[in-house]
*Asks:* 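Dropping the structure in here first, questions after.
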Amino acid sequence: MPREEDVVPLMSSFVERLTTADHKGDTEDPPSPLDTLRASPDDHHHRPQCKPALNSLFASRYVVLCASFAALGGLLFGYDQGVVSVILVEPQFLQRFGRIAGGAPHAGFWKGLLTAAIELGALGGAINMGWIADRYSRKYAIVVAVGVFVVGSALQAGAVDYRMLLTARFVGGLGIGGLSMVAPLYIAEISPPEIRGALLVLEEFSIVTGIVIAFWITYGTQFIASEWAWRLPFLLQIVPGLVLGVGIVFLPFSPRWLASRGRDRESLHSIAKLRMLPVTDKRVQQEWYEIRAEVALQNEITAERHPSLQAGSRSSRIKLDLAAWLDCFKPGCWRRTHVGMGIMFFQQFVGINALIYYSPTLFETMGLDHSMQLIMSGVLNIMQLVGVTTSIWTMDYLGRRPLLLCGSAAMCASHVVIAGLVGKYSDNWPAHRGEGWTAVAFLFVYMLSFGASWGPVPWALPSEIFPSSLRAKGVAISTSMNWGSNFVIGLITPPLVESTGYGAYIFFAAFCLQSLLWTWAFVPETKGRTLEQMDHVFKDGSSGHEKARRERIETGIAEGCSTDCDV
C-alpha cells in the first residue's frame, strides 16, 4: 500500500501538470489521473493539512467564523426549548392558557401537545428543506428558514388563546426544523476534515447555549407581573434570527453545492476563500479536483439508475428529485440512511428533551421546592453546556464512535440509579434529603454525559456520511427522524411521569442500553475522513460488480479532467 508521503506529492504533481498550459518540455509521462483516483483511501483521502488540534481551528479561522455564524440556527432551536421549560409553570402564562394549568381536564395531554407542536412543525420544515437546499443553495435555504421562524416567533409573542399559540409554535417549528437540517449541512461542506467534527459541535454548542440563555432570561422575566413575563422571551428570539438571516447572505456558498450545480470555477474560488489560500495553491486544487470527481461520479451513478429521467424537462427534474429520496433507501446508501435515522432516533429516546422540557416537574418528584426546582433546572442545562464544550476537542481526537459508546453506558447507569432512588424514597423525601440530592447529582452526571456524546455527535454524523448527490436529502430524512422522535417524547413524557413516576427513568434507561448495542453493531468511525471518502468508510463498493462500475466511471472522470481542469 502506498504511503501518504508518496501519494500526496503524486497528486500534487498531477494537479500541477493539469493546470500548466504548456507540457512540451516534459521529458516523462505525467502520472495517470486514474491511478491517483484509485489511490488507497487511507493515503489519498486521509490527508489533513494539519493534525486535529485547537491550533488547527486558528489556522482555519475564516471557516470557523463562517461555521460559528451558521450555527446561530442552533441557538434559535435551543432558545425556544429553554423558554418553554419555565413558561409552562408561570402563573401569568397559566392564567392566559388555563387549559394546561394543574387540575384542568386532560392538562397533561394539552401541555404535551403544546410542547410537541414545535417538533411536529420542525418535522415538516426539515423534510422540505432538503429540496430547497439542493435547488437554491445551502445559505439561501437558511434565509428561508429564518423568515419562517421570525413569523412564528411573532405569532407566539402575540398569542391570545391556546389555538393561536399552538399554531404559532407549529409555524416556528417549520423554521427551526429547516435550520436544524441545513446549518450542519452547510458547516460540513465548508469544513476541512481535520476540524470538521469540532465545527459541527458548534451546532449542539449553540443549541445548549440557547437553552441556557433562554432559561435564565425567562427565570428573570417571571417576576414581571403582566403577561410580558412570557411574551418578552418569545419576542426576544426574533433578534438573533434576523442577525442570522441577514448575515448569512454575505458568507460564501458551499463549494460542494457549487460543483453539484456545474459552477466549477466558483467552487474553486469558494475553496480558496474558505482555506485562505490562492486558487493556484496545490492543496486548493487537489480538494477542488476531488470534489469535482465525486460530483461527476454521483451524477453518472444517478444517470445509470434513472436513464429515463435525463431529458432535462421540468417533469423529468421533478421525477428525478422524487426518485432521489427513494435512492437513500437503496443499495449504495441504505446503510448510511439507517445510521443517520438511527442516531437521531436514539438522541431523543435516551431522554434528553424530557429532562429539558419537564426538569422542574422532575425535580418536584425529588422533593425540591418551586424556587429550587427552577434554579436546579438552570444548573442542569449548564452541565450539558460543559459536556458539549469538551466535545470540541474530543470529536476529532477520540472520534465519534467512542464518544457514543461511553455516553450510552454513563447515561444508562444514571437513569438506573435515579429510578432506584425515586422509586424507594419519593414517598418521603423530607426524611431522605441525602438520597434526594444523590438523585440530583446523577441527573448532572447524565446531562454531562449527554452533552459530551449523544448531544453533538448525532448532529455531526448525518452531514458527513451521505454522498454529494443525496447529502441534502439524507440529512433531511435523518433530521426529520429527530423531530418525529422529539414530537413523540414531548407528547408522552407528561402522562408517563404522572402515571409511572420512576418508571420514566427505567423507560429511558432501556433505550440508552439499546443505543449502546446499536452503536457497537452499526456506526462506523468517520474521524479525519473527507466527505468524498465515505464510500470507503461504509464499504458501499465492496462487491466485484460495484468495483468494476466504479473503475469505469473513474476512467471517464480522469480522461475528462485531463483535458478540462483549467483554472
*Asks:* Measure from the ring center of Phe97 to the ring center of Trp230 and say whether it is less than 6.0 Å.
*Replies:* yes
*Asks:* Hey, is the main chain of Leu404 close enough, under 3.5 Å, to the side chain of Trp454 for a donor-acceptor pair?
*Replies:* yes
*Asks:* Please assess Trp483 against Met181 for the test side-chain contact (heavy atoms from CB on, under 4.5 Å), listing each intermediate value before the final yes or no.
*Replies:* CA-CA 10 Å; Trp483 288 112; Met181 174 263 159; over 6 Å; no
*Asks:* Could you check, using the six-membered ring where one of them is a Trp, whether Phe507 and Phe511 have ring centers closer than 6.0 angstrom?
*Replies:* yes
*Asks:* Does some side-chain heavy atom of Asn381 sit less than 4.5 Å from a side-chain heavy atom of Trp216?
*Replies:* no
*Asks:* Measuring from Met447:CE to Ser414:OG, what's the distance to the nearest 0.5 Å?
*Replies:* 11.5 Å
*Asks:* With rounding to the nearest 0.5 Å, note down the distance linking CD in Gln156 to CD1 in Ile87.
*Replies:* 8.5 Å
*Asks:* What's the verdict on side chain to side chain donor-acceptor pair (under 3.5 Å) for Gln384 and Glu204, showing C-alpha distance, side-chain angles and the deciding distance?
*Replies:* CA-CA 10 Å; Gln384 186 185 359; Glu204 176 68 8; 3.3 Å; yes
*Asks:* To the nearest 0.5 Å, how far apart are CD in Gln533 and CD in Glu464?
*Replies:* 11.5 Å
*Asks:* Within the 4.5 Å heavy-atom criterion, are Phe466 and Leu531 side-chain neighbours or not?
*Replies:* no
*Asks:* Rounded to the nearest 0.5 Å, what separates atom OG1 in Thr337 from atom CD1 in Ile477?
*Replies:* 5.5 Å
*Asks:* Could you give the distance from CG (Leu448) to CE (Met383), rounded to the nearest 0.5 Å?
*Replies:* 4.5 Å
*Asks:* Stepwise, does the side chain to side chain donor-acceptor pair (under 3.5 Å) test hold for Ser515 with Ser408?
*Replies:* CA-CA 6 Å; Ser515 71; Ser408 294; 2.8 Å; yes
*Asks:* Could you state the interatomic distance from CZ (Phe170) to CG (Leu120), rounded to the nearest 0.5 Å?
*Replies:* 5.5 Å
*Asks:* Could you check whether any side-chain heavy atom of His415 comes within less than 4.5 Å of a side-chain heavy atom of Val350, counting everything from C-beta outward?
*Replies:* no
*Asks:* Can you list the steps and then say if Val475 with Met129 is a side-chain contact (heavy atoms from CB on, under 4.5 Å)?
*Replies:* CA-CA 10 Å; Val475 174; Met129 198 53 63; over 6 Å; no
*Asks:* With a 4.5 Å heavy-atom cut-off, do Leu199 and Ile190 have their side chains touching?
*Replies:* no
*Asks:* I want to check something: taking the side chain as every heavy atom from C-beta on, are Phe205 and Leu385 in contact at a cut-off of under 4.5 Å?
*Replies:* yes
*Asks:* Would you please test Val243 and Phe69 for side-chain contact (heavy atoms from CB on, under 4.5 Å) and show each step?
*Replies:* CA-CA 9 Å; Val243 171; Phe69 198 84; 4.1 Å; yes
*Asks:* Can you tell me if Phe93 has over 12 outside heavy atoms packed within less than 6.0 Å of its CZ?
*Replies:* yes
*Asks:* When you measure from the centre of the six-membered ring of Tyr162, is the NZ or CZ of Arg99 closer than 6.0 Å and no more than 45° off the axis?
*Replies:* yes
*Asks:* Treating Arg138 as the side-chain partner and Leu185 as the backbone partner, does any N or O pair qualify as donor plus acceptor under 3.5 Å?
*Replies:* no
*Asks:* Under a 4.5 Å cut-off applied to non-hydrogen side-chain atoms, are Val160 and Arg96 in contact?
*Replies:* yes
*Asks:* Is the closest basic N to carboxylate O distance between Arg471 and Glu189 below 4.0 Å?
*Replies:* yes
*Asks:* Do you know the tightest heavy-atom contact between Gly130 and Ala472?
*Replies:* O-CB, 3.7 Å
*Asks:* Taking the side chain as every heavy atom from C-beta outward, state whether Val63 and Pro192 have any pair of such atoms under 4.5 Å apart.
*Replies:* yes
*Asks:* Under a 4.5 Å cut-off applied to non-hydrogen side-chain atoms, are Phe508 and Ile489 in contact?
*Replies:* yes
